[in-house]
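What follows is a single structure, written as structure tokens, with notes after it.
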Amino acid sequence: MRLSCKYCFVGGTMLLTAFQAYARKSERPNIIYIMCDDMGYGDLGCYGQPYISTPCIDRMAQEGMRFTQAYAGSPVSAPSRASLMTGQHTGHCLVRGNKEYWKGVPMVEYGRCSDYSCVGQMPYDTAHIILPEILHDNGYTTGMFGKWAGGYEGSPSTPDKRGIDEFYGYICQFQAHLYYPNFLNRYSRSMGDTATVREVLTQNIQHPMYGDGYERRTQYSADLIHQRAMQWLQMQDGETPFMGIFTYTLPHAELCQPNDSLLARYRKKFFADRTWGGQEGSRYNPTTHTHAQFAAMITRLDTYVGEILELLHRKGLDENTIVIFTSDNGPHEEGGADPGFFGRDGKLKGRKRQCYEGGIRIPFIVRWPGHVEAGSVSHHQLAFYDVLPTLCELARINPRSRKYMPKENAQGYYDGLSFAPTLLGQSPQATHDYLFWEFHETNQMALRMGDWKMVVKKGVPELYNLAEDIHEDHNLAASHPQLVKQMVEIILREHTPSHDFQVTLPTP
């Protein structure tokens with residue numbers, strides 16, 4: 001793994017190439033949506049991280065727009081991704097939690113290892129048209145590389161059935177806990193695949209998948225996924241518009257990666273480090289130097305981002321390509337991770353699986369040279385369900401056309417508002433009256449209305465003024481009964497019942 005890339009370090013500027021002069025460009029923008037896994041608001045240098053080096057993403061922020069009040073769709077993975085894909089908040093979309101479909105299925109043998117015969121999570125609603133389907137239907141080439149988590153193998157909602165031309169990575173987010181897995185999933189229209197298939201990692205399966213011997217596995221999924229993403233991007237000629245969804249699994253646990261110079265750099269930096277004993281049921285192998293492992297995973301991801309931007313520039317496509325970088329939810333404490341050590345909550349309260357700010361406020365950076373003002377900072381409040389209408393507007397697509405909307409019960413089909421005016425420096429910019437979340441696993445709900453934030457835990461409302469109390473320390477519910485009543489009424493209106501994901505509603 002290189003510690004730098006030309007994009008970050010060539011004399012402070014990027015190099016021009018002969019290829020750039022001949023690049024053909026589509027009239028509509030290309031889109032690269034990079035979403036990492038469990039990166040907190042404070043994990044990047046451009047958001048105040050003091051210990052971890054992220055020069056490429058920091059440079060991306062300098063060349064684009066950095067958002068300070070952007071929110072994930074949920075405080076956990078699968079529903080957050082569902083919100084992105086559907087344009088709905090978690091009071092409306094079908095997938096509102098990490099419902100697993102691999103539990104209890106028969107096992108299959110891979111070399112010295114046993115694995116599940118079916119893997120994946122709850123499928124997206126097939127009656128709801130999702131983002132890649134809309135883009136693909138309007139002439140975009142689509143590729144997705146990383147984590148899917150929108151359906152199980154053989155279900156009606158796998159990448160091959162939901163508008164994706166090329167996929168490589170994990171269908172199942174539980175499988176993604178293992179960075180040296182037995183197999184990855186692939187769907188390649190260009191290779192003649194008719195459905196997603198398993199690519200067995202033949203070197204890995206020669207060694208145990210847990211405990212002694214695991215370190216002899218060499219096929220590292222994060223690198224393999226990035227290599228496939230780069231190969232796909234290299235094939236794009238700029239004449240047909242493309243959308244790449246790069247859902248990298250870094251820096252989610254397990255804390256594991258190649259023992260290379262990047263990791264050695266952080267081992268030296270964090271000489272007095274911690275060990276962690278593992279958790280086989282969650283597929284987290286034991287690890288040493290946990291702080292070094294975590295920091296190196298983020299810097300490794302940063303290098304991936306730099307290589308993407310460098311390739312776009314070499315191909316002459318960067319000025320016609322929107323690149324977004326974000327995370328699916330707040331920081332985790334799994335697999336030996338220590339967010340407190342890094343100050344990973346960015347001075348926000350709460351972490352993954354919580355509806356406090358730390359669980360849902362995430363880094364969000366948009367780069368589009370010549371269109372998005374370099375070095376700009378936006379305090380516009382947005383959530384993942386705003387991404388679909390925004391990208392559709394920039395791609396000149398109307399997602400609310402009769403082609404994509406249901407004939408009946410259209411209310412709540414989309415909850416998002418386009419933030420394209422903010423990106424382009426135009427006005428007016430429509431703003432949300434409120435943002436909404438619910439999460440059954442911790443029995444929490446949240447509503448942000450201007451500077452006011454309500455968190456409902458097991459049916460009990462808490463009220464915070466984020467303008468004065470960003471850490472959500474001072475519950476003001478008792479002193480603002482009318483505001484509590486108003487916000488509770490909104491929560492009850494926005495929540496639609498779910499048999500699979502039940503929460504305790506506040507009392508009106």
Side-chain angles (χ1 to χ4, degrees), residues 71-101 121-131 133-134 149-151 155-157 162 328-329 353-355 359-360 381-389 399-400 402 404-418 430 432-449 452-462 484-508:
Y71 291 91
S74 170
V76 79
S77 183
S80 191
R81 295 160 196 270
S83 181
L84 167 73
M85 289 292 196
T86 63
Q88 295 179 304
H89 63 55
T90 44
H92 289 153
C93 65
L94 179 67
V95 177
R96 305 183 191 185
N98 290 341
K99 186 174 181 180
E100 310 289 355
Y101 280 72
Q121 282 69 45
M122 184 174 185
Y124 298 143
D125 183 359
T126 55
H128 190 104
I129 308 301
I130 64 173
L131 178 60
E133 291 176 313
I134 296 174
S155 75
S157 185
R162 303 310 302 260
D328 65 344
N329 48 248
R353 292 186 171 85
Q354 297 179 325
C355 287
I360 53 178
Q381 296 175 21
L382 66 90
F384 272 7
Y385 45 90
D386 294 329
V387 172
L388 185 151
R400 295 185 178 273
R402 297 174 67 181
Y404 303 118
M405 295 286 288
K407 294 180 180 179
E408 299 177 355
N409 300 322
Q411 186 174 358
Y413 193 79
Y414 293 127
D415 295 305
L417 297 174
S418 171
H432 285 281
D433 294 331
Y434 46 80
L435 298 171
F436 179 80
W437 302 265
E438 61 178 65
F439 183 53
H440 79 293
E441 189 177 324
T442 52
N443 201 356
Q444 295 186 16
M445 309 175 80
L447 184 82
R448 177 163 185 185
M449 188 170 71
W452 290 101
K453 170 83 175 293
M454 175 173 282
V455 177
V456 179
K457 296 171 64 177
K458 298 181 180 179
V460 179
E462 302 172 0
V484 169
K485 182 176 183 294
Q486 178 188 358
M487 296 180 76
V488 165
E489 289 174 350
I490 294 172
I491 286 174
L492 296 176
R493 185 171 69 241
E494 290 302 309
H495 167 78
T496 56
S498 169
H499 172 75
D500 295 294
F501 308 103
Q502 300 183 36
V503 292
T504 304
L505 299 175
T507 303

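FYI, side chains are in, hydrogens and waters are out, and symmetry mates aren't considered; it's all heavy atoms of this structure. We count residues from 1, following the sequence as given.
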Side chains of [X] and [Y]: does their closest heavy-atom pair fall under 4.5 Å?
X: Asp386; Y: Ser418; result: no
X: Val95; Y: Tyr124; result: yes
X: Pro79; Y: Asn98; result: yes
X: Met122; Y: Ser155; result: no
X: Phe501; Y: Glu441; result: no
X: Met445; Y: Val455; result: no

Audit row: Gln486, Met449, side-chain contact (heavy atoms from CB on, under 4.5 Å) steps and yes/no: CA-CA 10 Å; Gln486 178 188 358; Met449 188 170 71; 4.0 Å; yes
Donor-acceptor side-chain pairing of Arg96 and Thr496 below 3.5 angstrom: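 Their side chains do contain a donor-acceptor pair, which is all the 3.5 Å distance test asks for.
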Candidate pair Tyr71 and Trp437, rule side-chain contact (heavy atoms from CB on, under 4.5 Å), full reasoning: CA-CA 10 Å; Tyr71 291 91; Trp437 302 265; 3.5 Å; yes
For [X] and [Y], work out which heavy atoms get closest and say how close.
X: Leu435; Y: Leu382; value: CD1-O, 4.3 Å
X: Val488; Y: Pro508; value: CG1-CA, 3.9 Å
X: His128; Y: Tyr414; value: NE2-CE2, 4.1 Å
X: Phe436; Y: Leu447; value: CD1-CD1, 4.1 Å
X: Gln88; Y: Tyr413; value: CG-O, 3.1 Å
X: Cys93; Y: Thr86; value: CB-OG1, 4.0 Å

Plane angle bin for His432 and Tyr385 - parallel if under 30°, tilted between 30 and 60°, otherwise perpendicular: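 Ring orientation, 0 to 90° scale: perpendicular.
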Check whether [X] reaches the backbone of [Y] with its side chain - one donor and one acceptor, N or O, closer than 3.5 Å.
X: Asn443; Y: Lys457; value: no
X: His92; Y: His495; value: no
X: Thr442; Y: Arg353; value: yes
X: Glu494; Y: Ile491; value: no
X: Asn329; Y: Ser74; value: no
X: Ser157; Y: Gly150; value: yes
X: Ser83; Y: Gly73; value: no

Worked check of side-chain contact (heavy atoms from CB on, under 4.5 Å) between Gln502 and His440: CA-CA 6 Å; Gln502 300 183 36; His440 79 293; 5.7 Å; no
Step-by-step side-chain hydrogen bond (donor to acceptor under 3.5 Å, both in side chains) determination, Gln444 to Gln354: CA-CA 7 Å; Gln444 295 186 16; Gln354 297 179 325; 6.0 Å; no
CA sep, side-chain torsions, deciding dist, call: Glu100, Gln121, side-chain contact (heavy atoms from CB on, under 4.5 Å): CA-CA 5 Å; Glu100 310 289 355; Gln121 282 69 45; 2.4 Å; yes
Rounded distance (nearest 0.5 Å) linking atom CD1 of Ile129 with atom CD1 of Ile134: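 Ile129 CD1 to Ile134 CD1: 7.0 Å, rounded to 0.5 Å.
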Pairwise distance OG1(Thr507) to CG(Leu492) - rounded to 0.5 angstrom: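 Result: 8.5 Å between the selected atoms.
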Arg493 bridged to Glu489 by N-O distance under 4.0 Å: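 Result for this pair is no, no salt bridge flagged.
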Side-chain ion pair, Arg81 and Asp328, N-O less than 4.0 Å: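 Yes, Arg81 and Asp328 are salt-bridged.
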Aromatic centroids of Trp452 and Tyr434 separated by under 6.0 Å: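 No; Trp452 has its ring centre 6.0 Å or more from that of Tyr434.
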